[in-house]
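FYI, side chains are in, hydrogens and waters are out, and symmetry mates aren't considered; it's all heavy atoms of this structure. Naming convention: chains lettered A, B, ... in sequence-line order (proteins, then strands); numbering from 1 in each chain.
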There are 2 protein chains.
Amino acid sequence: MTVVGRAADRSAEHGPASQQDMRRQNLAVVLGAVATHSPLSRADVAGRVGLTRAAVSSLVDELIGRGAVTEAAATASGRVGRPGRALTLRDEGPAGLGLEIGVTHLGACVVDLRGEPRVWRRVERANAGRPAGQVLAEAAALAAETEAEAAALGLRVEGRLLAVPGVVPNQPGGLVERAPNLGWCGVRLADHWPDPDTVPEPENEANLGALAEYWNAGRPEETFVHVSAGSGIGAALVIDGRLFRGARGFAGELGHLPVHPDGPECACGARGCLEQYAGEAAVRREAGLAGGPTGTGPGDPVALLAERAAAGHVPTLRALDRAGRALGLALTSAVDLVDPDSLVLGGAYAELAEWLVPPVRAELAARVTVRPWAPEALRPSALGRRGPLLGAALTTVRRIRADPTLLPAG
Amino acid sequence: MTVVGRAADRSAEHGPASQQDMRRQNLAVVLGAVATHSPLSRADVAGRVGLTRAAVSSLVDELIGRGAVTEAAATASGRVGRPGRALTLRDEGPAGLGLEIGVTHLGACVVDLRGEPRVWRRVERANAGRPAGQVLAEAAALAAETEAEAAALGLRVEGRLLAVPGVVPNQPGGLVERAPNLGWCGVRLADHWPDPDTVPEPENEANLGALAEYWNAGRPEETFVHVSAGSGIGAALVIDGRLFRGARGFAGELGHLPVHPDGPECACGARGCLEQYAGEAAVRREAGLAGGPTGTGPGDPVALLAERAAAGHVPTLRALDRAGRALGLALTSAVDLVDPDSLVLGGAYAELAEWLVPPVRAELAARVTVRPWAPEALRPSALGRRGPLLGAALTTVRRIRADPTLLPAG
DNA sequence: CTAATTTGTTGAGAGCCCTGACAAATACCC
DNA sequence: GGGTATTTGTCAGGGCTCTCAACAAATTAG
């Protein structure tokens, strides 16, 4: 059973506020303070967030009762006065499960409330073209193993998310509308998942990668565009610290931005889409690597590209430069439209950043002229291809942090 | 003295919640219900928003005390039971002042709490290149006259916004960072405004036009891109019903999207910017209207273009088609990135929509292929060039609706 | 050991909403 | 016309959650 659903969005927006809402928000505020500045005493929290010690005391009691926070022994602070008792996020109890279905692998991980990964599993599987039910059954088995391992560490999974390389509509319902690289179309997870109590919620992998990047390295309320190349090119927009999915969940479809309107025809029917220059297939073709293996196993094409580029292989360098310039053009549009704090190259791009960043920066410098723009605002992701899985697991943790009442009361 | 500042943003986000916050939100919820569905009785409001009649009664009493709502006589509803007393927004008392400085005119208007324009003034003035102080002094005089006229109608201006064709940074402080078409650079309104008690808050005209469009015709929580051509080409993003200004206030700089990366050089230093195809200067040049008059007076170039196009003037039609196709390319990028519910052609584009919409729709149909996209999602604005001024005035009204405690208690 | 300082808890009080009851005002029915 | 049903608006009582003020507990400084 999953306690944490899609409810954590604070977009009630126009409903009336109740005392419970107030309590909920203040629980979240206190938990957030403990999460980002622990260890903290009750008095520290009160001083930091602007509540009284009495109120914080009551809120902390509830958080302890719900299993989100623990109280360490007194801290010998060295300062005068009675020492406070240190509060920290629990490293047992509530946890989030992340799952990932890639073209060539399955992944699963569990993070504790602090956001630390505690279990991490990955198995290679050629998932492209296989029946969705078969893939999902294997994912469910991996999930069950992972949860069991987490349970041995004292962790109780409170929510499950599945990262997929495809389109997930905004409405809840567990539908993967399309995942071209897997060959999926209109797959409803609940129809194939063996255990109805553990059906995960699907989400686009690029979106989750962006959130992971934000939770891992972002500044509060930051606005940025996270570009990640998997089989397609996906961008995800994080606006004021929240994922922006667009009106129908299609936001960030960077791969088909028209960078050269009269360029080569794309599979989508248009001409000169970014994917024709910076997509995996285009880069491999251009670099003379067509038809090779895929995936992150031995012979992983991304690793191979990086290897050849590092060795000075000219066609590879030329292909990456061409990709970088096209990406720079597309990102110019993104910067003009969205005015982000930063741009992040994630996924496979993170591993090729050494060769992509210079041409991207050059295009941006030449074309983003009517506003301040610092080259350093473009940076590679620290998480790279681990982002989506981590983001999937962290989503549950962040939902709990945003609304601790999702946890069962003690 | 201005009661309403920039405070109405509900982005406290991570502060603690108090009972006053709860009260504030519930006042806003009740006021919002009255605003969108009036006339409504207290019981109607209670049923609609999910509060009890007792609570609504108390909230309505306070709204009446603050002068936001009035109580009409009993409504002879025809239904059984004691008739409710109809509540409506007041058409006297609190009001918003909008001001506009254009390249060729000054504008001012006052709207009442219902959002109805009650005073509307416009004077032609060649403002380009004149000292900012001089222009602002005239604007202040116009504002004073307009407020006086409003006062005669029983309206009390609670907040003032100034629409400018330029860049306004995110931080409050009344700074217009740059307004190229006026020749302004780093103008701080407070330094030039005669009366320190009535200094307006500047905001970009395209942003205000988009908000006006949203408040006038938008669906709740709608996400759309509002494109408006004035002297430059500005887009404004309304995301889930809120204006998105970007990390530094530069979001929506559509004019310099690279639509043909190797196209003609632009004044900004890059090549093939949208402005080279769909900007006012480019269209006029292409249509053979170079050097003519500007503004909306007699010989208004936009009206002239529309006139010639309607008459079948071939160069004009060709210029508009070229502009439309370039705009379609830029909007393809916007749709791919933002996935809006709709696209709105505002400002001068609204008056040329007849000739622009077909080529824009054609490009979108050809290039937006990987997601559902209905041609009708592109529509002309109903407000056209009146949008920015209306948006400026409505902003204050909307802030009051979002937080009625901004009004002085009765 | 005493004074000063800081922490965490407790009880009183205020603000706000909910519950339930009641008077007021209307329509329906005889 | 009068009684009943129905709906509205208000009032009193109660619960929840915060603030304020006071206090015991635990530590450092002298």
Asks: Output yes when at least one side-chain N/O atom of A:S41 is less than 4.0 Å from OP1 or OP2 of C:dG8, else no.
Replies: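 Affirmative; the distance criterion is met.
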
Asks: What is the distance, rounded to the nearest whole Å, between atom CD1 of A:I64 and atom P of C:dG8?
Replies: 11 Å

Asks: Report the distance from atom CZ of A:R79 to atom P of C:dT7, rounded to the nearest whole Å.
Replies: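 Distance, rounded to whole Å: 6 Å.
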
Asks: Nearest whole angstrom, please: distance from the P of D:dT19 to the CZ of A:R23.
Replies: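 Atom-to-atom, A:R23 to D:dT19, this comes out as 11 Å.
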
Asks: Suppose we call a contact any N or O donor and acceptor under 3.5 Å apart; does that hold for the side chain of A:R82 and the base of D:dT27?
Replies: no

Asks: For B:M22 and D:dT19, give me the distance from atom CE to atom P, rounded to whole Å.
Replies: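 Atom CE in B:M22 sits about 13 Å away from atom P in D:dT19.
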
Asks: Let me spell it out: for each of B:A54 and A:D44, pick the nucleotide of DNA chain C with the closest heavy atom. Which residue's pick is nearer the 5' end?
Replies: A:D44

Asks: Specify the separation, in whole Å, of atom CZ of B:R85 and atom C1' of C:dT26.
Replies: 14 Å

Asks: For the side chain of A:R53 and the base of C:dG8, is some donor closer than 3.5 Å to an acceptor across the two?
Replies: yes

Asks: Taking N and O atoms by type only, does the side chain of A:Q19 place a donor or acceptor under 3.5 Å from a partner on the base of D:dT17?
Replies: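 Answer is no: no donor-acceptor pair is held.
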
Asks: Measure from CG on B:L59 to C1' on D:dG9 and round the result to the nearest Å.
Replies: 14 Å

Asks: Within this structure, what is the CG-to-P distance between A:D21 and C:dC17, rounded to whole angstrom?
Replies: 12 Å

Asks: Is there a side-chain contact between B:W215 and B:T395 in this structure, where contact means two heavy atoms from C-beta onward sitting under 4.5 Å apart?
Replies: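 Yes. Closest side-chain heavy atoms under 4.5 Å.
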
Asks: Tell me: CG of B:L51 to P of D:dG9, nearest whole Å?
Replies: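 Nearest whole value for this atom pair: 15 Å.
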
